[in-house]
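Keep in mind that this is a model prediction, so the values were computed, not measured. Excluded from the calculations below are hydrogen atoms, water molecules and symmetry mates; all remaining heavy atoms, backbone and side chain alike, are included.
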Amino acid sequence: MSFAAEVKTELCRAPLSRKCCAQAEAYGVLLYCNTFSAGQVRIVTENRAFAQRLPALFKKAFKLTFDSLPEGEGKQIFEVDDPAKLAAVHQAFGADPRALALHVNFAAVEENCCRAAFLRGAFLAGGSVTDPRKSYHLELATSHRSVSREVLALMRELDQEAKSAQRKGNTVIYFKQSEQIEDFLTCVGAPLSAMEVMNAKLERDLRGKVNRRVNCDAANLDKAVEAAMVQVEAIRRLERDGQLITLPDKLREVAALRLAHPEDTLAQLAQRCDPPITKSALNHRLRKLVELGRETK
């Protein structure tokens, strides 16, 4: 099951306890479904949980049944064609079935609980969300531009800053930030899915930090290996030219230790000195050996 299907399944667990919220949810479904006109309501879905919820939702909201129910597997199609039923639906939202464009009747979604139910219905009918382990994107798509514009305003009243775009004849409201998606899912009644988005973000952030740390450590190791090779080369050059035996005891000790332990870090090599010295003192002696080695070229 895809993440979007899991979200819709979780949303469909919300109880249909209040008629006002049931009507608001049904309103969201109608404005974002395939067809909502004076002559027909047609809702198409592939989500089994949503398909099971629809008859109970419309019964609670309008006390009506669908004229056509889905048959078999695959796409589930629900239709209302009866003029009396359609008139009752339009009347419930104060809509004019003869109007050229659909609009959101804000009087039907005055309460915050009804607004959340309305957005839940809109997502169930026309929403999608990507797997947060891959990317962050949640959207609501409808062919009704005025509806999308008004839903965007409704979201802003709920402190949800979404963006809008046109795509293939549809108007799309979308979120690209994980925190915004979490807030939306929590608002519409999918807190478990919101938590999954949060966990995915934490996992990605942690993985990113680990990768950066590994890359940083690898880069530091490469630098250390390169520096050790330069030091060994300089010491061998001094040894070959007979200059190593003329150096002070402290430099000869460090030179011998570096040749014997070329893979050691500065800290490890400093502890091998007798007596142990600081990294700074060891680094100073190694730099001196490198400078002397360069002079013998």
Side-chain angles (χ1 to χ4, degrees), residues 1-14 21 24-34 43-54 57 74-76 104 109 112-145 147-208:
M1 184 183 294
S2 68
F3 180 69
E6 291 176 0
V7 172
K8 292 186 178 183
T9 299
E10 181 181 359
L11 291 176
C12 289
R13 298 192 193 108
C21 290
E25 182 177 330
Y27 196 19
V29 170
L30 291 167
L31 292 178
Y32 277 80
C33 71
N34 298 76
I43 305 168
V44 180
T45 182
E46 294 183 357
N47 186 273
R48 179 65 61 179
F50 182 37
Q52 292 174 347
R53 183 178 180 83
L54 274 171
L57 176 65
K75 289 185 177 180
Q76 307 290 294
V104 176
V109 288
N112 283 341
C113 60
C114 294
R115 292 180 177 184
F118 172 82
L119 293 176
R120 177 168 60 246
F123 183 82
L124 286 170
S128 64
V129 59
T130 59
D131 187 333
R133 291 168 294 184
K134 299 177 181 178
S135 63
Y136 303 125
H137 184 87
L138 183 148
E139 69 177 38
L140 301 174
T142 178
S143 59
H144 309 296
R145 181 175 298 185
V147 167
S148 189
R149 183 175 61 250
E150 290 154 3
V151 170
L152 191 62
L154 180 66
M155 285 181 167
R156 286 172 179 161
E157 290 184 11
L158 295 172
D159 296 324
Q160 296 180 4
E161 291 299 324
K163 295 183 179 179
S164 180
Q166 298 294 316
R167 185 200 304 147
K168 297 180 179 179
N170 285 333
T171 301
V172 179
I173 295 173
Y174 65 92
F175 298 102
K176 281 287 189 182
Q177 301 297 321
S178 61
E179 293 84 357
Q180 296 172 337
I181 294 174
E182 291 166 21
D183 290 344
F184 178 85
L185 293 178
T186 301
C187 171
V188 299
L192 297 180
S193 297
M195 185 65 69
E196 191 168 340
V197 174
M198 186 183 301
N199 290 338
K201 182 178 185 299
L202 292 173
E203 184 179 333
R204 291 178 70 179
D205 289 347
L206 179 60
R207 188 182 297 114

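Remark: Asp131 pairs with Arg133 by the side chain to side chain donor-acceptor pair (under 3.5 Å) rule, at least two apart or across chains. Residues that satisfy the side chain to side chain donor-acceptor pair (under 3.5 Å) test with Arg13, not counting sequence neighbours, are absent from this structure. Legend: residues meeting side-chain contact (heavy atoms from CB on, under 4.5 Å) with Glu150, ordered by chain and number and at least two apart, are His103, Val104, Phe106, Ser146. Legend: residues meeting side-chain contact (heavy atoms from CB on, under 4.5 Å) with Asp183, ordered by chain and number and at least two apart, are absent. Shown here are the ring-ring contact (aromatic ring centres under 6.0 Å, His included) partners of Tyr136, two or more places apart in sequence or in another chain: there are none. Residues passing the side chain to side chain donor-acceptor pair (under 3.5 Å) test with Thr171 are Gln166, sequence neighbours excluded. Residues satisfying the side-chain contact (heavy atoms from CB on, under 4.5 Å) test with Gln76, not counting sequence neighbours, are Thr45, Arg48, Ala51, Pro70, Phe78. Ala165 meets the side-chain contact (heavy atoms from CB on, under 4.5 Å) test with Tyr174; sequence neighbours excluded. Considering only residues two or more places apart in sequence or on other chains, Phe175 meets the ring-ring contact (aromatic ring centres under 6.0 Å, His included) condition with Phe184. Applying the side chain to side chain donor-acceptor pair (under 3.5 Å) test to Lys163 and every residue at least two apart in sequence or in another chain returns nothing.
Thr130 places a side-chain N or O within donor-acceptor distance of the main-chain N or O of His137, the cut-off being under 3.5 Å. Between the side chain of Gln180 and the backbone N or O of Ala162, no donor-acceptor pair lies under 3.5 Å.
A side chain to side chain donor-acceptor pair (under 3.5 Å) check over residues 188-206, counting only residues at least two apart or in different chains, returns the pairs Glu10-Ser193, Lys201-Asp205, Glu203-Arg207.
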Can you give each donor-acceptor pair under 3.5 Å made by side-chain atoms of residues 112-126, sequence neighbours left out, with the distance rounded to 0.1 Å?
residue	atom	partner	partner atom	Å
Arg115	NE	Val109	O	3.0
Arg115	NH1	Glu157	OE1	3.0
Arg115	NH2	Glu157	OE1	3.0
Arg120	NE	Glu25	OE1	3.1
Arg120	NH1	Val188	O	2.9
Arg120	NH2	Glu25	OE1	3.2

